[in-house]
Amino acid sequence: MGNTSSMLTQYDIEEVQEHCNHTFSQQEIVALYQRFCQLDRNGGGFISSEEFMSVPEFAVNPLSQRLQRMLDGLNFKEFVAFLSAFSSRASLQHKVEFIFKVYDSDGNGKVAFNDLLDILRDLTGHFISEPQRERVLTHVLEEAGYSKDSLLGLSDFMKILGNSGLKMEVEVPVD
């Protein structure tokens, strides 16, 4: 499985399926492997963040710069695990953990007001002013029972997003 020119065995497929908690079917894993091989231009068995940026849908994502740090040097199993948060079969907990990792840019296990403001800035660009962003974010935090000074952990994210009807799904085309 390390060399992308090799074929994916049934054992490999089952191992990857187990690794991603069965969020993808065996057919989807084979399709993802084919896509992985297309992205892995040098055939080294790993995808660089630059190779990921060649996917148009990813390159235009306003959060692509944040996601790049999570992507660089992924092997196939890690690639599938990364994408598993977008599966319709992924649990809400799994999706919230993924979002938390994106927001926790320094990896310290806490998300501060400025981390949230940075994300909001990435998402809104120049369409709203900085004071408007701060007001919106302050209001959202206060509605959830937090303040600008709160440091949010994963459990806080679960509390905030747990009842949101969060949808993060991508369909994997299978031939």
Side-chain angles (χ1 to χ4, degrees), residues 1-9 12-112 114-125 152-154 157-158 160-161 164 166-175:
M1 205 168 31
N3 182 353
T4 57
S5 64
S6 66
M7 293 300 297
L8 204 55
T9 67
D12 292 334
I13 294 168
E14 290 170 5
E15 183 182 347
V16 169
Q17 205 172 22
E18 186 69 31
H19 183 71
C20 70
N21 296 315
H22 298 272
T23 53
F24 293 113
S25 70
Q26 291 188 7
Q27 273 187 303
E28 289 171 324
I29 289 172
V30 170
L32 287 171
Y33 185 70
Q34 291 167 347
R35 184 65 174 140
F36 179 86
C37 291
Q38 290 170 346
L39 290 172
D40 183 18
R41 291 195 181 100
N42 68 3
F46 297 91
I47 298 179
S48 69
S49 58
E50 291 79 26
E51 289 168 324
F52 246 108
M53 291 302 281
S54 72
V55 177
E57 298 84 358
F58 183 73
V60 298
N61 185 312
L63 298 178
S64 62
Q65 296 301 315
R66 288 181 167 270
L67 294 171
Q68 267 189 298
R69 70 179 167 77
M70 298 170 69
L71 296 170
D72 201 28
L74 295 184
N75 65 27
F76 177 64
K77 193 188 285 189
E78 295 162 338
F79 171 75
V80 174
F82 174 82
L83 293 176
S84 68
F86 299 98
S87 168
S88 61
R89 293 179 208 95
S91 68
L92 178 64
Q93 175 77 28
H94 185 63
K95 292 175 187 290
V96 171
E97 286 171 1
F98 179 86
I99 292 169
F100 184 78
K101 288 177 187 172
V102 172
Y103 279 57
D104 182 17
S105 59
D106 61 5
N108 70 353
K110 297 288 180 189
V111 176
N114 286 334
D115 295 323
L116 295 169
L117 198 56
D118 288 344
I119 289 278
L120 193 54
R121 193 177 297 115
D122 290 344
L123 292 172
T124 60
L152 306 177
L154 179 58
F157 264 62
M158 198 60 205
I160 294 167
L161 296 175
S164 67
L166 181 66
K167 292 277 188 208
M168 262 181 30
E169 296 175 8
V170 173
E171 193 171 310
V172 178
V174 179
D175 294 334

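- The two atoms that bring Ala90 and His94 nearest to each other are CB-CD2, 3.8 Å, heavy atoms only.
- One finds a salt bridge joining Arg89 and Glu28 here, because a Lys/Arg side-chain nitrogen approaches an Asp/Glu carboxylate oxygen to under 4.0 Å.
- Distance alone, capped at 3.5 Å, is enough to place a donor-acceptor pair between the Asp40 side chain and the Gly45 backbone.
- Counting only distance, with no hydrogens or angles, the side chain of Gln26 and the backbone of Ile13 share no donor-acceptor pair below 3.5 Å.
- The closest side-chain heavy-atom distance from Leu71 to Ile47 is not below 4.5 Å.
- Here the CG atom belonging to Asp72 is positioned 12.5 Å from the CG atom belonging to Leu67, to the nearest 0.5 angstrom.
- A donor atom on one side chain and an acceptor atom on the other are not found under 3.5 Å apart for Glu15 and His19.
- A distance-only check finds a donor-acceptor pair linking the side chain of Gln17 to the backbone of Phe24 [under 3.5 Å].
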> Does the pair Ser48 and Arg41 meet the rule for a side-chain hydrogen bond (donor to acceptor under 3.5 Å, both in side chains), with working shown?
Replying inline: CA-CA 10 Å; Ser48 69; Arg41 291 195 181 100; over 6 Å; no
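- Counting only N and O atoms by type, the side chains of Gln34 and Gln38 include no donor and acceptor under 3.5 Å apart.
- Annotation: side chain of Ile29 is in contact with side chain of Leu8 (closest heavy-atom distance under 4.5 Å).
- With rounding to the nearest 0.5 angstrom, the OG atom of Ser49 is 13.0 Å from the CE atom of Met70.
- Summarising the geometry, atom CG belonging to Asn61 is positioned 11.0 Å from atom CD belonging to Gln68; distances are rounded to the nearest 0.5 Å.
- Using cut-offs of 30° and 60° for the angle between ring planes, the Phe98 and Phe82 rings count as perpendicular.
- Here the OG atom belonging to Ser91 is positioned 8.5 Å from the NZ atom belonging to Lys95, to the nearest 0.5 angstrom.
- Within the model, atoms CD1 of Ile160 and CD1 of Ile99 stand 11.5 Å from one another, a figure rounded to the nearest 0.5 Å.
- Of the possible polar contacts, none joining the Ser87 side chain to the Ser84 backbone as a donor-acceptor pair under 3.5 Å is found.
- Judged by distance alone, with hydrogens and angles left aside, the side-chain atoms of Asn42 form a donor-acceptor pair with the main-chain N or O of Gly44 at under 3.5 Å.
- A donor-acceptor pair is defined here as one N or O able to donate and one able to accept, closer than 3.5 Å; such a pair exists between the side chain of Asp12 and the backbone of Thr9.
- For the pair Phe52 and Phe79, the minimum side-chain heavy-atom distance is below 4.5 Å.
- Across all non-hydrogen atoms, the minimal contact from Leu74 to Phe36 is O-CE1, 3.7 Å.
- A salt bridge links Asp118 and Arg121; the closest N-O separation between the charged side-chain nitrogens and carboxylate oxygens is under 4.0 Å.
- Side-chain contact between Leu116 and Tyr103 is present, with at least one heavy-atom pair separated by less than 4.5 Å.
- Checking side-chain atoms of Asp104 against main-chain N and O of Lys101 turns up no donor-acceptor pair under 3.5 Å.
- We find the NZ-CZ distance between Lys110 and Phe100 to be 7.0 Å, quoted to the nearest 0.5 Å.
- Checked by atom type and distance alone, the side chain of Glu78 pairs as donor or acceptor with a backbone atom of Asn75 at under 3.5 Å.
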